[in-house]
Protein chains: 2
Amino acid sequence: MANSASGDSVVDRVVRVIEAFPEGVTSLQLSELADRSGLPLSSAHRLVRQLSEHGLLDLGAGGTVRLGLRLWELVNRNSPTLALRQAAMPFMEDIQQVLNQNVNLAVLDGWEALFVERLSRRGSVANRAQIAGRMSVHISSAGLALMSHQSRELQAEYLEQFADSSGKVTAGVVRHLLAEAAQQGYAQLAGVVDPDTWGIAVPVINSKRRTVAALGVVVPLAEMRLQALVPALQTAARGIGRQLSD
Amino acid sequence: MANSASGDSVVDRVVRVIEAFPEGVTSLQLSELADRSGLPLSSAHRLVRQLSEHGLLDLGAGGTVRLGLRLWELVNRNSPTLALRQAAMPFMEDIQQVLNQNVNLAVLDGWEALFVERLSRRGSVANRAQIAGRMSVHISSAGLALMSHQSRELQAEYLEQFADSSGKVTAGVVRHLLAEAAQQGYAQLAGVVDPDTWGIAVPVINSKRRTVAALGVVVPLAEMRLQALVPALQTAARGIGRQLSD
DNA sequence: CACGTTCTACCATTGAATGGAAGCTGCTGG
DNA sequence: CCAGCAGCTTCCATTCAATGGTAGAACGTG
């Protein structure tokens with residue numbers, strides 16, 4: 001009952017507060033935030049107030065807590081993927097125009113593909129929600145495209161998690177998917193996310209020969225035309241990669 | 001020389017570190033970060049390390065500091081403007097398709113319009129950079145559209161800053177612009193940002209009659225057709241507003 | 001290879017962070 | 001109309017986590 005009974009630093013607590021928001025939830029009651037972050041109410045209150053004085057959070061009347069506009073602004077202005085997204089956008093628009101499909105751009109984070117940009121198929125309901133969404137490597141074409149071009153060491157480390165295995169997904173299957181993707185130069189996966197769609201993704205390789213992203217499309221099964229899609233994606237991916245150095 | 005010689009809390013310092021990144025800069029050296037944030041090198045180092053252990057920052061080899069992917073993810077998943085952007089996106093795409101102009105969406109933050117979403121004109125080079133950009137109220141059509149629909153009190157407070165005045169912009173001029181925008185139901189401004197472009201913006205009013213955003217287009221002077229643009233924008237803005245409650 | 005620069009680690013000092021308790025506010029149901 | 005409740009806000013004595021000067025390591029450079 002003094003400076004941190006729980007043995008964590010102030011920084012830890014700030015992080016816990018920000019991480020307390022469940023995916024897609026923009027607003028939380030103070031007491032709920034305290035619960036979720038595992039902080040005493042008064043501590044949570046103090047932290048939230050301090051952060052909202054700086055605009056990183058927004059403490060409204062009645063204890064409603066939101067992320068602050070200022071935080072959104074700072075992060076989006078200085079985002080680590082800014083250069084990537086800027087380089088990729090024109091090419092993604094080209095693909096959207098030419099193929100009229102949902103186009104997306106993902107980076108590898110841990111054992112997941114993190115989607116950093118997305119254009120919806122023209123005419124469809126826009127689905128910006130999936131920006132900042134994640135998918136496990138082995139269930140997404142983008143994830144496979146990314147992982148299949150990582151170093152042998154990283155791939156081995158990744159595959160280990162399937163080793164023990166309850167059996168749902170075996171290391172062998174995933175290894176096969178990766179090998180196929182590496183050999184073909186693209187990854188494709190049918191009906192995993194949505195039974196009626198097909199995902200195709202290609203690696204984006206920067207000027208230092210590092211695979212920094214995956215460019216992909218999601219198409220209805222009925223419209224699947226690998227011959228048309230893959231070359232278009234690969235061309236775009238090369239164009240993007242040429243502009244990226246790190 | 002002990003717990004904070006500078007008299008600021010840990011939270012203050014965390015904010016200073018995050019705010020130290022200049023607009024558009026994604027990567028900073030540790031020593032430069034320490035300078036910019038006004039922190040002793042060892043303190044900056046400790047904070048950055050702590051934050052990067054949680055993924056909010058990314059401390060690379062050689063002291064290169066970036067914002068963390070995890071921070072980007074958290075902020076974009078739980079962004080305070082998520083609902084607004086989701087509601088607006090389909091309408092913005094419609095406008096882009098029909099009018100083929102640069103479409104943007106802004107909210108009011110302080111005395112500035114903060115741009116939260118943007119679609120580039122088809123065929124033009126995509127300019128995602130301006131997302132998370134700011135413009136003063138009185139030099140942007142979006143800003144005028146937003147401010148002209150705020151409460152009398154807020155407008156009065158806003159106009160005060162032009163009172164003392166060196167004379168560059170007078171309160172009278174701004175008041176006139178606001179009055180005109182309020183009366184017409186849209187704001188328009190020619191050649192302020194770029195001499196060859198015209199900006200037009202309309203307010204987005206939610207179901208509680210609060211003006212929560214501005215929807216605008218930027219068109220080349222030569223293609224200016226108010227008669228066509230304003231009704232389209234107003235229709236879209238109403239569609240967006242109908243879906244928003246707070 | 002010596003020098004300068006920048007990053008990283010250490011650790012005694014001390015004041016900022018902590019959180020229980022009490023007060024406040026607004027709502028709800030009897 | 002008011003008692004009771006639930007959640008927000010404030011207060012303050014206690015105490016340990018944060019601080020930053022210093023020293024050392026790792027570069028890069030002339």
Side-chain angles (χ1 to χ4, degrees), chain A residues 1-22 25-68 80 208 245-246, chain B residues 1-22 25-68 80 208 245-246:
Chain A
M1 55 207 71
N3 222 334
S4 178
S6 34
D8 46 21
S9 68
V10 177
V11 170
D12 293 334
R13 291 165 169 234
V14 168
V15 174
R16 287 238 291 284
V17 166
I18 295 177
E19 288 188 329
F21 288 83
V25 172
T26 59
S27 157
L28 231 43
Q29 279 310 103
L30 183 56
S31 52
E32 195 182 353
L33 183 64
D35 274 357
R36 289 185 168 280
S37 57
L39 293 173
L41 179 61
S42 65
S43 296
H45 180 257
R46 178 165 26 83
L47 278 177
V48 167
R49 189 166 41 68
Q50 283 182 306
L51 287 165
S52 61
E53 274 162 13
H54 290 286
L56 295 212
L57 292 183
D58 180 24
L59 176 53
T64 302
V65 184
R66 291 169 186 269
L67 297 189
K208 288 172 184 155
S245 53
D246 67 337
Chain B
M1 58 261 7
N3 222 333
S4 178
S6 34
D8 46 19
S9 67
V10 177
V11 170
D12 293 334
R13 290 162 170 239
V14 168
V15 174
R16 287 239 290 285
V17 166
I18 294 177
E19 288 187 329
F21 288 83
V25 171
T26 59
S27 156
L28 231 42
Q29 279 309 104
L30 184 56
S31 52
E32 195 183 351
L33 183 64
D35 274 356
R36 289 187 169 279
S37 57
L39 293 172
L41 179 61
S42 63
S43 296
H45 180 256
R46 179 166 25 83
L47 278 177
V48 168
R49 190 168 39 69
Q50 283 182 305
L51 286 165
S52 62
E53 275 162 11
H54 291 286
L56 295 212
L57 292 184
D58 180 24
L59 176 54
T64 302
V65 185
R66 291 169 187 268
L67 296 189
K208 288 172 184 157
S245 52
D246 68 336

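Quick note on labels: first sequence line is chain A, next is B, and so on, each numbered from 1.
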Spacing of [X] atom [atom1] relative to [N] atom [atom2], expressed in whole Å:
X	N	atom1	atom2	result
A:Asp8	C:dA17	CG	C1'	12 Å
A:Leu39	C:dG19	CG	P	8 Å
B:Gln50	C:dA17	CD	C1'	14 Å
B:Leu33	C:dT6	CG	P	14 Å
A:Arg13	D:dC16	CZ	P	14 Å

- Message: For A:Ala20 versus A:Arg36, what's the shortest heavy-atom pair and its separation?
- Response: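 Heavy-atom minimum between the residues: O-CD, 3.3 Å.
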- Message: So which atom in A:Ser9 and which in B:Gln50 form the shortest heavy-atom distance, rounded to 0.1 Å?
- Response: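 Answer, listing the atom of A:Ser9 first, then B:Gln50: OG-NE2, 3.4 Å.
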Distances for protein N/O vs nucleotides 7-10 of chain C N/O pairs under 3.5 angstrom?
from	atom 1	to	atom 2	distance (Å)
C:dC7	OP1	B:Gln29	NE2	3.1
C:dC7	OP1	B:Leu30	N	3.2
C:dC7	OP1	B:Ser31	N	3.4
C:dC7	OP2	B:Ser31	N	3.0
C:dC7	OP2	B:Ser31	OG	3.0
C:dT8	OP2	B:His45	NE2	3.3
C:dT8	O5'	B:His45	NE2	3.4

- Message: Using OP1 and OP2 only, check whether a side-chain N or O of A:Ser43 sits under 4.0 Å from C:dG19.
- Response: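 So the side chain of A:Ser43 is within the cut-off, an N or O lying under 4.0 Å from OP1 or OP2 of C:dG19.
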- Task: Give a yes/no answer on whether the side chain of B:Arg46 brings an N or O atom under 4.0 Å of OP1 or OP2 in D:dT19.
- Result: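 So the side-chain polar atoms of B:Arg46 do come within 4.0 Å of the phosphate oxygens OP1 or OP2 of D:dT19, strictly under.
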Say you draw a straight line from [atom1] of [X] to [atom2] of [Y]; how long is it, rounded to the nearest 0.5 Å?
X	Y	atom1	atom2	value
A:Arg13	A:Leu39	CZ	CG	5.5 Å
B:Leu67	B:Leu28	CG	CG	9.5 Å
A:Leu33	A:Thr64	CG	OG1	11.0 Å

List the atom pairs, with distances to 0.1 Å, where a side-chain N or O of residues 51-62 of chain A and a protein N or O form a donor-acceptor pair under 3.5 Å, not counting sequence neighbours.
from	atom 1	to	atom 2	distance (Å)
A:Ser52	OG	A:Val48	O	3.0
A:Ser52	OG	A:Arg49	O	3.0
A:His54	NE2	B:Asp12	OD1	2.5

